[in-house]
Amino acid sequence: MQTDGRAILVAGGAGYIGSHVCKALSERGYLPVTLDDFSTGQRTAVRYGPLIEGDIASAEAVARAVEDYAIDGVMHFAAKSLVGASVRDPLHYYSENVSKGISFLQHLQRHGVRRFLFSSTAAVYGDPGSQPRLTEASPTVPINPYGATKLAFESALRWTGEVSDTRYAILRYFNAAGADASADIGEAHEPETHLVPLAIGAALGTRPPLQVYGTDYNTPDGSALRDYIHVTDLAAAHIVVFERMSSGIQGQLFNAGGGRGHSVLEVIKAVEAELGSAVPHAFAPRRPGDPPILVADISKLRGTGWSPTLSDLGSIVRTAAAWHRREQSDQHFESTITV
Ligand SMILES: NC(=O)c1ccc[n+]([C@@H]2O[C@H](COP(=O)([O-])OP(=O)(O)OC[C@H]3O[C@@H](n4cnc5c(N)ncnc54)[C@H](O)[C@@H]3O)[C@@H](O)[C@H]2O)c1
């Protein structure tokens with residue numbers, strides 16, 4: 001298919017962040033071609049371009065995508081990202097996030113696809129203690145296999161870039177949250193481990209009461225501080241960085257966050273204000289390895305011309321709640337028409 005260099009392969013395009021990026025790409029005039037095995041993604045989230053169902057490690061699936069759509073570049077979201085599961089089964093995480101990623105990169109090189117944007121994570125920084133803001137130069141000392149696998153793939157990419165004409169960039173996400181303004185797509189992990197959907201689910205009665213781990217951190221209200229970036233802002237960052245890769249940004253990494261810290265209790269209050277109902281919660285001891293504060297210095301990403309416009313807590317919770325309400329009513333509708 002002739003796509004005039006506008007076809008982008010989105011590995012993991014059926015997932016939470018990948019689907020929002022597909023929407024942003026299509027709005028910008030690109031053709032987002034999703035490659036996904038649906039191991040954690042949703043079929044209903046693939047709505048902005050064609051789908052190739054398969055594994056990123058499959059030479060055949062990659063060949064089909066590249067040959068059918070004249071792929072010009074790749075955004076790579078396909079990974080396993082549950083910290084606890086990575087601790088229980090590190091080899092599975094190395095296999096999924098490193099070995100398969102490397103096979104994917106090799107297939108792409110064979111087909112001459114040279115532009116590659118990689119989804120990394122703040123988990124590469126490990127526990128920075130009470131360091132106020134993390135820059136891209138902060139030490140990378142992952143404290144779980146998930147973070148270690150992302151750092152390992154970053155490193156594979158960096159060395160590959162040294163000796164080949166593969167152009168790459170890396171975004172280290174902090175906590176992606178919120179949903180598209182249309183409420184057509186949103187955050188649907190299963191199991192869910194992210195605070196905003198867990199708090200909304202607890203308030204709506206669709207999930208159990210929220211556990212607040214740690215109330216004695218050295219933070220303003222004693223609960224942990226995290227940096228939240230609206231998924232639409234994150235999608236916009238992908239477009240900016242990707243487009244700048246043909247004009248200078250090569251081999252660079254960027255923190256992608258909102259640039260502000262919000263405590264767990266602040267998030268609970270924001271959800272309560274949005275939904276007008278309490279978030280049932282219980283206090284629990286700190287979890288080992290949970291840093292008190294993880295906040296991004298986003299000045300490097302801002303230097304590309306990008307800036308967050310929706311990453312305030314109010315917009316995050318409002319859009320996430322709208323999507324959850326819609327999901328709930330769709331499920332209700334489906335159950336009422338089932339005979
Ligand atoms: N959600 C966050 O806050 C966050 C934070 C930091 C980093 N990240 C990273 O961003 C990326 C996307 O995260 P997400 O929250 O959208 O996750 P997600 O689980 O919703 O999406 C991942 C997608 O990749 C697909 N996939 C996984 N392995 C695959 C394989 N081998 N072949 C083909 N498809 C495969 C899944 O089916 C899913 O659609 C991940 O790499 C994750 O590690 C996410």
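Indexing begins at 1, ligand by ligand and atom by atom, following the structure's order.
- Closest heavy-atom approach to atom 2 (C) of ligand 1 within the set Leu82, Ile17, Asn175, Ile56: this belongs to Ile17.
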Derivation and outcome, ring-ring contact (aromatic ring centres under 6.0 Å, His included), residues Tyr48 and His20: CA-CA 9 Å; Tyr48 308 104; His20 285 79; 8.6 Å; no

Apply side-chain hydrogen bond (donor to acceptor under 3.5 Å, both in side chains) to Thr319 and His230, showing your working. CA-CA 9 Å; Thr319 53; His230 194 288; 2.9 Å; yes

Please step through side-chain hydrogen bond (donor to acceptor under 3.5 Å, both in side chains) for the pair Tyr30 and Glu243, ending with a clear verdict. CA-CA 11 Å; Tyr30 293 98; Glu243 291 185 345; 2.7 Å; yes

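- Annotation: Tyr173 places no N or O atom under 3.5 Å from an N or O atom of ligand 1; distance criterion only.
- Within the set Lys80, His76, Glu96, Gln42, the minimum heavy-atom distance to atom 28 (N) of ligand 1 is found for Lys80.
- Residue Gly54 has at least one heavy-atom neighbour below 4.0 Å for each of these atoms of ligand 1: 32 (N), 33 (C).
- Note: no N/O pair closer than 3.5 Å links Ser120 and ligand 1 by distance alone.
- Distances from ligand 1 to the non-hydrogen atoms of Ala188 include no value under 4.0 Å.
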Can you list the steps and then say if His238 with Tyr173 is a ring-ring contact (aromatic ring centres under 6.0 Å, His included)? CA-CA 11 Å; His238 283 76; Tyr173 312 158; 5.5 Å; yes

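- For the pair Ala78 and ligand 1, the shortest N or O to N or O distance does not fall below 3.5 Å.
- Residue Thr121 has at least one heavy-atom neighbour below 4.0 Å for each of these atoms of ligand 1: 6 (C), 7 (C).
- Residue Lys150 places a heavy atom less than 4.0 Å from ligand 1.
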